[in-house]
Amino acid sequence: MRKMKKLNGLLLGCVTGLLFSACTQDLDQPGLNSDGDLVRIQLDAPEAMQLTRSVAGTNSAKGGLTNVDWTQHDLRYQLAVYSADGTQLLVAPQSKVYDTYSPATFEFRLTPNCTYKFVAWADFVEQGTTEDLHYNTADFANISIITDADQDKTFNDESRDAFFITKDIQIGQTFNESLTLKRPFAKVRVVTTDWDENNGGIAKPDNFKITYHDCKRFSGLNAVSGEAIGETDADASIVYTAQIATDGNSGKFYEGGYDASAASRTLVVDYLLATSEQRAIHFKLDMLAGTSPVISRDFTTNIPIQRNYLTTLIGNLLSVGGSVTIDIDDNFDGENQVTVKDPKYIAYTATQELNCNNRFWGTDLEIIEEQCTYNTETGQGMWAYTGTVTEVEFNAFNGETSLLSITLPEGITSIGSNAFSNSGLEAITLPESLEEIAQYAFSKTNLTEIVIPANVELVESSAFQGNSSGSISPLKKVIFEGTKILTIESNTFQDCQNLQEVKLPEGLKTIQYNAFLRCYALEEIIIPDAVTTIEKQVFSQCSALKKVTLGTQLESIGDHAFNKCLALEIIVCPDETPAVLGSKAVFPVSDSWGSYTANYKIYVPDAQLNTYRTSWSAYWDTSSWVPTKVIYPMSDMP
């Protein structure tokens, strides 16, 4: 009752004041005039069906009329009348205040046959007062954000919602006009979908810091012209802070929409002065539990905002990785939808910045050019992307001499032919998801070491082949971690002249011809027991090779497989059954000119000594002028 009396008294006072002012107005002059036509203006704000805060249904997709605490705030309407060109204030702002939602009706007597500009504003004030709370409305041509007591550094406050309209109306006779106000703001909300209260593994933030950067901000509104004013570059040094919105029992403040799900919660809402054209903002959101950081999200992709639109950023924001979807909707003004990229990265180093075009293929793969970075001092670069990278394209970095290193992301299953051939690549990290390496993929690079992950099933021919002349491959170490590769294909490590260490895959069955041809620095090789076939010239001209350990299931060794391996000292052959040897010098033999005398030893099972000497007679030869007698029992092995 006290409120209604207050409102009725205020209304009576306003009308009386208006009529009194009109007594001095000439009928021909625009403005208040006691003899003029009666003009009745009704003002409505959006969400008129939402009546009071006591009605269940808070929803972060709605505005202040739905979500504000009406026990703490009242709704204030103000209406002013200007000349048609907006230069002259004819009727100073008149106000009405309500303690729940209600449309407001204002009555004027104005000089007829004139066009007036009606300017209305509605916002929230503290309950029981009429004073400005968040916005200085002394001048409708310059409504500004109140900065006292850091009020401009607070978000998660639904009472910051406000509405306005400016409309030219020609007064010719008594009439009624209903005007619907709209926000001069864009509303931005951030919703996480991995809040689940029962999931103790994810920390839950209770307060936030926001810094806007690399975008434009507005400090005020000219409600007369309808334009946002005070455009400046966002100041990244200003940190806006707020607590998470809660109800009286420390539970969720918002009840409807996304928040109706136990897994989802609105973290942040903010009202930003905006234009009717879509613009982009960027901001960093730091989430904290007390003073302890939980996670930080820097939304550097363009986030669209627009006057009287709701922009929603939604996703698994408390977890690392993933994508964030943005909706622009509400019963504000229409609907749009875009996706804000919460990217993953491919790290590389290079002597100059490299683009990412036509280098990768994948599922829903999109390279985010504006978030790719490169540091000219360190040479470190990052390619930003969303989706899943599944392939390195053939020729992706072929001849890219400025590339020095790269870390390939999980999800990649294949590396195309010549992908890094003839590049400056010195180091690479391959993902566990990798399954195939195509021919010449790493030929003639500057790699010094390669670890081939356990899931790789296929390494095609010449994949790591070096140069036979000119620049020498620096590759020194090769490790196969898995057991899925059945074949080392032809020429795979040919001319890797610095190769010193090779750990072959345990599941290997076949080593094809020339696989390790002219690996001059290789001193020892262990052939896995599963290998059945070593083809011709596999280790030919490995001039530093001293020790060879053959497997237990070997069936054949091709021509010249170990030809010109003149440093050989020991060949260990544990198989009970001698493999079939090619007809042409599988192992080195003494020559009749005395330039080489075979003094290495092949150690075989004692019980099979004579079998080996018979089957491999060329290596227990007593008839030649310079004999080759190198087969001995394992019991003699030092």
Side-chain angles (χ1 to χ4, degrees), residues 466 468 488 490-502 504 510-528 531-552 554-575 577-605 608-638:
S468 60
I488 301 293
S490 58
N491 312 106
T492 298
F493 296 98
Q494 177 182 324
D495 291 314
C496 290
Q497 298 179 27
N498 284 299
L499 185 60
Q500 299 174 0
E501 180 181 348
V502 178
L504 295 174
T510 302
I511 307 176
Q512 292 185 348
Y513 65 92
N514 292 357
F516 293 92
L517 177 67
R518 290 191 291 271
C519 291
Y520 295 146
L522 187 64
E523 295 185 1
E524 181 178 0
I525 189 70
I526 298 174
I527 307 299
V531 172
T532 61
T533 304
I534 298 175
E535 294 186 358
K536 65 180 181 180
Q537 299 185 169
V538 167
F539 294 99
S540 180
Q541 301 179 54
C542 291
S543 55
L545 189 62
K546 296 179 179 179
K547 183 176 181 181
V548 176
T549 301
L550 301 176
T552 60
L554 195 58
E555 297 176 359
S556 66
I557 305 176
D559 293 348
H560 302 300
F562 293 90
N563 184 41
K564 296 186 180 180
C565 295
L566 303 184
L568 268 175
E569 297 175 359
I570 295 175
I571 299 174
V572 180
C573 187
D575 199 341
T577 303
V580 176
L581 301 184
S583 60
K584 298 178 181 179
V586 171
F587 305 109
V589 295
S590 302
D591 63 54
S592 57
W593 296 278
S595 60
Y596 172 74
T597 300
N599 56 10
Y600 62 92
K601 293 184 177 181
I602 301 174
Y603 290 104
V604 301
Q608 306 301 324
L609 178 62
N610 290 331
T611 302
Y612 268 91
R613 285 178 174 177
T614 300
S615 296
W616 292 5
S617 58
Y619 305 97
W620 192 254
D621 176 20
T622 59
S623 62
S624 299
W625 178 257
V626 181
T628 300
K629 298 178 64 176
V630 294
I631 302 176
Y632 293 89
M634 282 191 180
S635 57
D636 288 354
M637 190 167 62

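Residue numbers run from 1 in the order of the sequence given. None of these values were measured; they are calculated from a predicted model. Hydrogens, waters and symmetry mates are skipped; everything else that's a heavy atom, side chains included, is used.
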For S583, which residues count as a side chain to side chain donor-acceptor pair (under 3.5 Å) partner, sequence neighbours excluded? none

Holding to side chain to side chain donor-acceptor pair (under 3.5 Å), I want the full list of residues that pass it with N491, two or more places apart in sequence or in another chain. Q494

Considering all heavy atoms of both residues, which atom of [X] and which atom of [Y] are nearest to each other, and what is their separation?
X    : Y    : value
C565 : Q541 : SG-N, 4.4 Å
M634 : P574 : CE-CA, 3.3 Å
A579 : S556 : CB-N, 3.9 Å
L504 : I526 : CD1-O, 3.8 Å

Counterpart residues, side chain to side chain contact (heavy atoms under 4.5 Å, CB included), relative to S590 (two or more places apart): T597, A598, V626, T628

Among residues at least two apart in sequence or on other chains, which ones pass side chain to side chain contact (heavy atoms under 4.5 Å, CB included) with N599? none

Gap between atom [atom2] of [Y] and atom [atom1] of [X] - 0.5 Å precision:
X    : Y    : atom1 : atom2 : value
R613 : K629 : CZ    : NZ    : 7.5 Å
E524 : K546 : CD    : NZ    : 10.5 Å
C542 : N563 : SG    : CG    : 10.5 Å
L554 : I527 : CG    : CD1   : 8.0 Å
T611 : I631 : OG1   : CD1   : 10.5 Å

When you measure from the side chain of Y600 to the backbone N and O of F587, does any donor-acceptor pair fall under 3.5 Å? no

Taking the side chain as C-beta and beyond, is there a heavy-atom pair between [X] and [Y] under 4.5 Å?
X    : Y    : answer
L545 : I525 : yes
S543 : K564 : no
I534 : L550 : yes
L522 : F493 : no

Any residue meeting ring pair (Phe, Tyr, Trp, His ring centres under 6.0 Å) with W620, in chain and number order, not counting sequence neighbours: Y632

Parallel, tilted or perpendicular: ring planes of F562 versus F539, cut at 30 and 60 degrees: parallel

Can you give each donor-acceptor pair under 3.5 Å made by side-chain atoms of residues 511-520, sequence neighbours left out, with the distance rounded to 0.1 Å?
from : atom 1 : to   : atom 2 : distance (Å)
Q512 : OE1    : S490 : N      : 3.1
N514 : OD1    : Q537 : NE2    : 2.8
R518 : NE     : D495 : OD1    : 2.7
R518 : NH2    : D495 : OD2    : 3.4

side-chain contact (heavy atoms from CB on, under 4.5 Å) between Y612 and I602: does it pass, once the steps are laid out? CA-CA 10 Å; Y612 268 91; I602 301 174; 5.8 Å; no

Show your working on side-chain contact (heavy atoms from CB on, under 4.5 Å) between E555 and T577 and close with a plain yes or no. CA-CA 8 Å; E555 297 176 359; T577 303; over 6 Å; no

Does the pair L568 and V630 meet the rule for a side-chain contact (heavy atoms from CB on, under 4.5 Å), with working shown? CA-CA 11 Å; L568 268 175; V630 294; over 6 Å; no

Between W616 and C573, does a side-chain contact (heavy atoms from CB on, under 4.5 Å) hold up when you go through it step by step? CA-CA 12 Å; W616 292 5; C573 187; 3.8 Å; yes

